[in-house]
Amino acid sequence: MRTVYVKNIPIGDNHPIVIQSMTNTKTKNVSETIEQIKKLEAAGAQIVRLAIADMEDAEAIKEIKKSVSVPLVADIHFDYRLALKAIENGIDKLRLNPGNIKDKAQITQVVLACKDKKIPIRIGINGGSLNEDVEKVYGHTPLALVESAKAHIKILEDLDFYDIIVSLKDTDINITLEANRLAKKLINYPLHIGLTEAGTITSGTVKSSYVLGTLLNENIGNTIRVSLTTDPVNEIYVAKEILKMTGNYNSPTIISCPTCGRTEYNMLEIIEKIEPLINKINHPLKIAIMGCVVNGPGEAKDADIGIAGGKHQVVLFKKGQIVKKIKEENIIEELMQEINILIKEKES
């Protein structure tokens, strides 16, 4: 499989799976867009996509690029001129939906401009916007998505352009799964996997975890985006959890009980505050946050480190052995200190 670089990020072959997200700001609102990009990058996004709906959005890329370092993708629909302006203003990658830019001469202009500046193109095939000719022949099927991708890959290859990434997405989970399985066999370019219009943070997380987890366990997918109707930062957290679940991300895993009437400290607040801190750690620890001693050191004895609640305090344990007690107001600070000590011990 070909390796494609988005700025300095390699995608494909045996490189680590890359996490992507997309801003939900109006790109022309430069300050808001920059702020959101930085939040996404801080959460762990390696590539961020921007909606380019009009020429103001395309022009804004120039200013946005001055303030962020993460590679940016221009999401283009219908108007090839927006792609040309995005390229001119320094975008790192284009996402094109060939189903709604049909003029080959226009596509040719865009491809040649990308070739000149070494900008990769993602061919984004969505089940809801298939080329009419393809849909007439194959219907709304996995094969229709793959054949549409192959047809547009040929257009790019005929122009001697090979820095291509392909995505095949549908709202139907089975079509998405089968299309990507077919693509793995028939297309020798990196695959961007996801489920389009997946849904809310609850339903979308469940569906995306199933689809992306299934594909990743079959060794399909080189970069992922979890599409959720929520603050896009949540997409990064969900993507990380999916990657950790499938053995593709090297960071701590939190295990926690659902809480009950035995819980006597503010466990939910502790988890909300500590999860973003833990997500920044590049080490495969298992960390337990438990509500009480009933579910604490015993049930979480395989955890590297954890806490279990008492009344306005917790016990801290390592591999099931209680180490000390911590007052409620000091939990986050002391737990993070102990985690850092544990990491240093493991690395020494």
Side-chain angles (χ1 to χ4, degrees), residues 16-17 19 42-46 201-202 204-206 208-210 212-214 216-217 224 226 228 233-348:
I17 294 164
I19 298 172
Q46 296 162 281
I201 192 166
T202 302
T205 295
V206 172
S208 295
S209 297
Y210 173 73
L212 298 182
T214 299
L216 291 169
N217 276 328
I224 70 170
V226 177
L228 300 175
V233 169
N234 291 323
E235 297 183 352
I236 305 304
Y237 297 147
V238 174
K240 283 183 179 181
E241 291 303 318
I242 292 171
L243 290 175
K244 282 190 278 188
M245 176 180 70
T246 55
N248 288 292
Y249 194 76
N250 196 30
S251 74
T253 297
I254 292 179
I255 59 173
S256 60
C257 67
T259 76
C260 68
R262 290 192 295 264
T263 306
E264 295 189 90
Y265 77 107
N266 198 342
M267 178 181 158
L268 297 180
E269 182 181 335
I270 295 298
I271 283 192
E272 287 175 1
K273 289 182 177 179
I274 209 160
E275 189 170 29
L277 300 175
I278 288 171
N279 275 330
K280 295 178 181 179
I281 297 172
N282 185 25
H283 204 286
L285 292 177
K286 183 180 282 189
I287 300 168
I289 311 291
M290 310 300 281
C292 71
V293 291
V294 173
N295 285 331
E299 291 192 21
K301 63 185 176 184
D302 64 332
D304 294 291
I305 190 168
I307 57 172
K311 191 163 187 176
H312 304 304
Q313 66 177 8
V314 297
V315 294
L316 181 133
F317 56 90
K318 297 180 180 179
K319 291 296 184 182
Q321 299 299 310
I322 294 175
V323 176
K324 65 178 181 178
K325 294 180 180 179
I326 305 174
K327 291 181 180 179
E328 185 166 4
E329 61 268 26
N330 299 327
I331 290 173
I332 294 174
E333 180 183 355
E334 292 198 34
L335 178 56
M336 289 306 300
Q337 286 176 355
E338 293 290 340
I339 288 170
N340 288 327
I341 290 169
L342 187 59
I343 290 170
K344 287 178 182 176
E345 289 174 353
K346 285 178 173 287
E347 290 176 343
S348 63

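Rounded to the nearest 0.5 Å, atoms CE (M267) and CD (E269) are 13.0 Å apart. Rounding to the nearest 0.5 angstrom, the gap separating the CD atom in E345 from the CG atom in N340 is 11.5 Å. How far OG1 of T259 is from CG of L268: 5.5 Å, rounded to the nearest 0.5 Å. One finds the CD1 atom of I331 at 8.5 Å from the CD atom of E329 (value rounded to the nearest 0.5 Å). Taking CD1 of I274 as the reference point, atom CD1 of I307 lies at 6.5 Å (rounded to 0.5 Å). Going from atom CG of N248 over to atom CD1 of I224 covers 8.5 Å, rounded to the nearest 0.5 Å.
Of all non-hydrogen atoms in A43 and Y237, the two that sit nearest each other are CB-CE2, 4.0 Å. The shortest heavy-atom contact between F317 and A288 is CZ-CB, 4.0 Å. Nearest heavy atom pair, residue I236 against residue A45, reads CD1-CB, 3.6 Å. Here the closest heavy-atom approach between residue G204 and residue L228 is recorded as C-CD2, 3.4 Å. Residues A303 and I255 share a closest heavy-atom pair of CB-CD1, 4.3 Å.
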Could you go through residues 318-328 and list every donor-acceptor pair under 3.5 Å that involves a side-chain atom there, pairing it with any protein atom two or more places apart or in another chain?
residue, atom, partner, partner atom, Å
K318, NZ, E338, OE1, 3.2
K319, NZ, D302, O, 3.2
K324, NZ, E334, OE1, 3.0
K324, NZ, E338, OE2, 3.2
E328, OE1, H312, ND1, 3.2
E328, OE2, N266, N, 2.9

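Judged by distance alone, with hydrogens and angles left aside, the side-chain atoms of K240 form no donor-acceptor pair with the main-chain N or O of I19 at under 3.5 Å. Proximity of a side-chain donor or acceptor of S208 to a complementary backbone N or O of T205 within less than 3.5 Å is not detected.
Remark: of the listed residues L277, I305, I343, L285, L285 is the sole one forming a side chain to side chain contact (heavy atoms under 4.5 Å, CB included) with P252. In summary, of the residues considered (I254, N250, T253), a side chain to side chain contact (heavy atoms under 4.5 Å, CB included) with K244 occurs for T253 alone.
By the 4.5 Å heavy-atom criterion applied to side chains, I289 and L335 are counted as neighbours. The side-chain heavy atoms of I339 and M336, taken from C-beta on, include a pair separated by under 4.5 Å. At least one side-chain heavy atom of I332 sits less than 4.5 Å from a side-chain heavy atom of I270. No side-chain heavy atom of S209 sits less than 4.5 Å from a side-chain heavy atom of E241.
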